**Q** 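A single structure is presented below for examination.
Because the structure is predicted, anything quoted here is derived from the model rather than measured. Letters A, B, ... mirror the listed sequences (proteins, then strands); counts begin at 1.
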There are 2 protein chains.
Amino acid sequence: MSDIQVQDTADFLKALGEFNRLSLVYRLCDCQSPQNAMCLCDCCSVDASVVSRHLKTLVQAGVLKQEKKGRERTYSLDRSRVAKELRELADRIETNIE
Amino acid sequence: MSDIQVQDTADFLKALGEFNRLSLVYRLCDCQSPQNAMCLCDCCSVDASVVSRHLKTLVQAGVLKQEKKGRERTYSLDRSRVAKELRELADRIETNIE
DNA sequence: GACACATTTGCACAAATATGCAAATATAAG
DNA sequence: CTTATATTTGCATATTTGTGCAAATGTGTC
C-alpha cells in the first residue's frame, strides 16, 4: 500500500474524527434532503464561520456533497462513498493474511 | 445519540486518522502474531519514543491490544473490535431514515 | 442600485498535536 | 549487582488545528 493511499485514508478518517464535524455528519444522516449551512449550525454550538470551515473540510474529504441553490449552499452525505470507504477498511483490518 | 457517544467515536476515528498511526495499523494488519515496538519502528521513520506514544494512543482508543512479554511489550490489532466499530458507522451512515 | 440574507475569508490566538533527544524506568542475562 | 536491551517519560519546540469576530463576497429581492 502506497504512502499516498495511506495518507488519503488517514485524511478521510481525520475529517470524521472531530466532535463538531462528526456531529454534522450524524445530523445529515437523519436528513432526507440536502440542508443548508445555517440550518446545520443548530447542531453544534460554534460560530457560523466555523461550521462553514468544517463543512468545507468534509466536502474536500469526500464525506459530503455540496450544491449551490441560489444564495444558499446545501450539503448532503455521500452515503455510499463513506460507507464503502469504511467497509473496505473494516474488511482489510479483519482479514488476517495467511 | 449522546455527546459522549459522538466524542468516543470521534476519538476512535481520530486515533486512526494520522499517517504514522495508520501505517502502524496496516503493518499489524499483515502480522499473524503480536509484534513488539522495536519491530514496528521499521514501518515509520520516526523516533522510537514517537512510535511508543502512537502505540499508546492506539491502545487507549481500543484499536490495539497490548501484552507484556518480558522486557518487551507486544501489540496486536483488535481486529473484530475495529471492524465492528467501522461497520456500525457505515451502517448508520448508509441507512436513510424514512 | 440599495438592501437583506447566506456564506466565506482574513486575522489573531489559544489549545492540541507530532516530534526528537536525553534521561529515567523496567527487566532479562551475566 | 552490573550490564545490556526495550520502552516510557520529561522537556522543548515547531506545526497544525479549532475557534470567534469583523469584513468581504455572493446572490436574491425590492
**Q** State whether the side chain of S52(A) and the backbone N or O of A48(A) hold a donor-acceptor pair below 3.5 Å, judged by distance alone.
**A**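 A pair under 3.5 Å: no.
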**Q** Using only atom types and a distance under 3.5 Å, with no angle test, would you say the side chain of R21(B) pairs donor to acceptor with the backbone of A10(A)?
**A**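 Side chain of R21(B) to backbone of A10(A): no pair is present.
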**Q** Do M38(B) and L24(B) belong together in a cluster built from hydrophobic side chains that touch within less than 4.5 Å?
**A**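 Different clusters.
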**Q** Can you list every pair that meets side-chain hydrogen bond (donor to acceptor under 3.5 Å, both in side chains) and has a residue in residues 38-49 of chain A, with sequence neighbours left out?
**A**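 Residue pairs passing side-chain hydrogen bond (donor to acceptor under 3.5 Å, both in side chains), neighbours aside: D47(A)-S49(A).
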**Q** Do any of residues 14-24 of chain A sit with a heavy atom less than 4.0 Å from DNA chain D, and if so which?
**A**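 Within this stretch, K14(A), E18(A), N20(A), R21(A) sit under 4.0 Å of the strand.
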**Q** Which donor-acceptor pairs under 3.5 Å do the side chains of residues 64-71 of chain B make with protein atoms, sequence neighbours left out?
**A**
{"residue": "Q66(B)", "atom": "NE2", "partner": "Y75(B)", "partner atom": "OH", "Å": "2.8"}

**Q** Taking atom P of dT8(C) as reference, at what distance in whole Å does atom CD of E72(A) sit?
**A**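 That distance rounds to 11 Å.
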**Q** Please identify the 5'-most and 3'-most nucleotides of DNA chain D with any atom under 4.0 angstrom from a heavy atom of chain B.
**A**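 Nucleotide range with atoms under 4.0 Å of chain B: dA4(D) to dC11(D).
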**Q** Counting distance only, does the side-chain N/O of R87(A) pair as donor-acceptor with the main-chain N or O of L86(B) below 3.5 Å?
**A**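 No.
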**Q** In residues 58-71 of chain B, what residues come within less than 4.0 Å of DNA chain D, judged by heavy atoms?
**A**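 The stretch gives Q66(B), R71(B) as the residues lying under 4.0 Å from the strand, ordered by number.
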**Q** Return the angle between end axes of the helix from dG1(C)-dC30(D) to dG30(C)-dC1(D), with five pairs used per end and rounding to 10°.
**A**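 Answer for the end axes of this duplex: 20°.
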**Q** Any idea which heavy atoms bring S80(B) and E94(A) closest together, and the distance?
**A**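 Where S80(B) meets E94(A) most closely, the heavy atoms are CA-OE2, 4.4 Å.
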**Q** I'd like to know if E88(B) pairs up with R92(B) as an ion pair, taking the criterion as any Lys NZ or Arg NE/NH1/NH2 lying under 4.0 Å from an Asp or Glu carboxylate oxygen.
**A**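 No salt bridge links E88(B) with R92(B).
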**Q** From NE2 of H54(A) over to P of dT8(C), roughly how many Å is that when rounded to an integer?
**A**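 From H54(A) NE2 to dT8(C) P: 13 Å.
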**Q** Within the side chain of E18(A), is there an N or O that forms a donor-acceptor pair under 3.5 Å with the backbone of L16(A)?
**A**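 Not at all, since once roles are kept as given, no pair shorter than 3.5 Å links the two residues.
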**Q** List the steps, then state whether side chain to side chain contact (heavy atoms under 4.5 Å, CB included) holds for V63(A) with L77(A).
**A** CA-CA 6 Å; V63(A) 175; L77(A) 258 181; 4.0 Å; yes
